[in-house]
Amino acid sequence: MFVNINELLKNLMYKNKKIMALIPARGGSKRIPRKNIKLLAGKPLIAYTIESALNNAHIDTAFVSTEDAEIAHVSEQYGATVIERPMELAGDEVGDQPIVEHAIKMLGTQMKHYDAIVFLRPTSPLRRSEDIDEVLTTLFDKDLPLVRSVCQAQGINHPYWMYQDRGDGFLKPVIDCASIKEYYQSQLLPKNIFALNGVIEAFTVEHAKTADCIWLSKKTGYIVLPKERSCDIDEQIDFEIAEILMAAYLAKNKGM
């Protein structure tokens with residue numbers, strides 16, 4: 001009988017850990033109306049994130065934080081547990097930290113049973129359950145308070161190729177040491193620079209309760225995701241690209 005040692009060790013690592021997923025989903029998206037339940041390849045957008053959480057063997061419960069009754073109904077249909085969010089935490093200007101803090105408060109004594117929170121934005125439907133595994137492995141194996149997914153900075157999105165207005169209508173490099181004479185080809189750009197993609201973030205409950213800013217830590221771990229799984233749907237063009245990528249993924253994995 002074949003035994004996957006890596007999988008066995010991972011399961012032992014998680015044996016005494018209880019992990020929850022938290023999915024923020026407000027109803028007031030302006031660029032794409034009703035974005036979180038807009039159909040993508042025949043399913044509500046949020047369904048992909050709920051399924052990636054519930055298909056992960058190490059996540060016990062997937063919670064959706066929302067103020068919207070329709071999003072709540074769809075989320076429950078796909079197996080999530082809803083945390084009702086007040087309207088004052090559903091505006092454009094509200095960051096993610098108050099949502100985490102509200103969820104912890106609402107769950108009350110239940111939180112003592114959880115060791116970690118996986119924060120999953122529904123605007124990244126192309127993440128895989130295995131990506132969540134990699135984040136959790138990094139979190140627990142390295143004993144970190146926080147792990148974030150990133151993608152490698154490339155080409156025109158690399159900070160060494162970025163400029164800003166110096167205040168008089170002319171450009172200056174964002175990074176002073178970045179010489180276009182030295183980094184004139186994308187292949188020459190430093191490979192150890194990454195951009196946050198917001199696809200997966202995981203942190204210990206202790207960190208969530210004690211950190212001034214949940215998204216900062218002196219020891220922040222990371223995993224690198226490929227460009228096609230770093231999709232973040234913010235505008236209509238992003239949705240159209242996601243539809244193409246999802247259709248390709250579904251066609252490739254049909255019957256698997």
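From a predicted model like this one, the values you see are computed outputs, not experimental measurements. Numbers here simply count residues along the sequence, with the first being 1.
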Shared hydrophobic cluster, [X] / [Y] (ILVMFWY, side-chain heavy atoms < 4.5 Å):
X	Y	value
Leu225	Leu136	yes
Ile99	Leu107	no
Leu171	Met162	yes
Met20	Val64	no
Val205	Ile83	yes

Candidate pair Ile180 and Trp161, rule side chain to side chain contact (heavy atoms under 4.5 Å, CB included), full reasoning: CA-CA 7 Å; Ile180 199 67; Trp161 278 9; 3.8 Å; yes
[X] atom [atom1]: more than 12 heavy-atom contacts under 6.0 Å:
X	atom1	answer
Glu240	CD	yes
Tyr184	OH	no
Asp212	CG	no
Lys191	NZ	yes

Is a side-chain donor or acceptor of [X] paired with a backbone partner of [Y] at a separation under 3.5 angstrom?
X	Y	value
Glu201	Leu146	no
Ser52	Ser129	no
Asp131	Arg128	yes
Arg31	Asp234	no
Asp60	Ile19	yes
Asp238	Glu235	yes
Lys112	Gly108	no
Asp232	Asn197	no
Lys38	Phe239	no

Would you say the side chain of [Y] lies within less than 4.5 Å of the side chain of [X], judging by non-hydrogen atoms?
X	Y	result
Tyr160	Pro173	no
Asp133	His58	yes
Pro24	Pro122	yes
Pro98	Leu89	yes

Locate the shortest heavy-atom distance separating [X] from [Y]; write the atom from each residue and the value.
X	Y	answer
Tyr78	Leu54	O-CD1, 3.4 Å
Met246	Ala41	CG-CB, 3.9 Å
Glu67	Arg85	CB-O, 3.2 Å
Leu139	Ala202	CD1-O, 3.8 Å
Ile193	His158	CD1-CE1, 3.5 Å
Gln110	Phe63	OE1-CZ, 4.4 Å

Which value, rounded to the nearest 0.5 Å, describes the distance between [X] atom [atom1] and [Y] atom [atom2]?
X	Y	atom1	atom2	answer
Leu22	Leu120	CG	CG	8.5 Å
Gln97	Cys213	CD	SG	5.5 Å
Leu189	Tyr183	CG	OH	8.0 Å
Thr66	His73	OG1	NE2	13.5 Å
Arg121	Ile200	CZ	CD1	11.0 Å
Ile132	Ser149	CD1	OG	10.0 Å

Chi angles and distances behind the side chain to side chain contact (heavy atoms under 4.5 Å, CB included) call for Ile117, Ile104: CA-CA 10 Å; Ile117 299 170; Ile104 290 173; 4.3 Å; yes
Test applied, side-chain hydrogen bond (donor to acceptor under 3.5 Å, both in side chains); reference residue, Arg26; option that passes from Asn36, Asp92, Asp68: Asp92
Ring pair (Phe, Tyr, Trp, His ring centres under 6.0 Å) contacts in which one or both residues fall within residues 186-208, not counting sequence neighbours: Phe194-Tyr222, Phe203-Trp215
Residues forming a salt bridge (charged side-chain N to carboxylate O under 4.0 Å, His left out) with Glu70, sequence neighbours excluded: Arg34
Side-chain donor-acceptor pairs of residues 43-51 under 3.5 Å, sequence neighbours excluded:
from: Lys43; atom 1: NZ; to: Glu51; atom 2: OE1; distance (Å): 2.7
from: Lys43; atom 1: NZ; to: Glu51; atom 2: OE2; distance (Å): 3.3
from: Tyr48; atom 1: OH; to: Leu40; atom 2: O; distance (Å): 2.5
from: Thr49; atom 1: OG1; to: Arg127; atom 2: NH1; distance (Å): 2.7

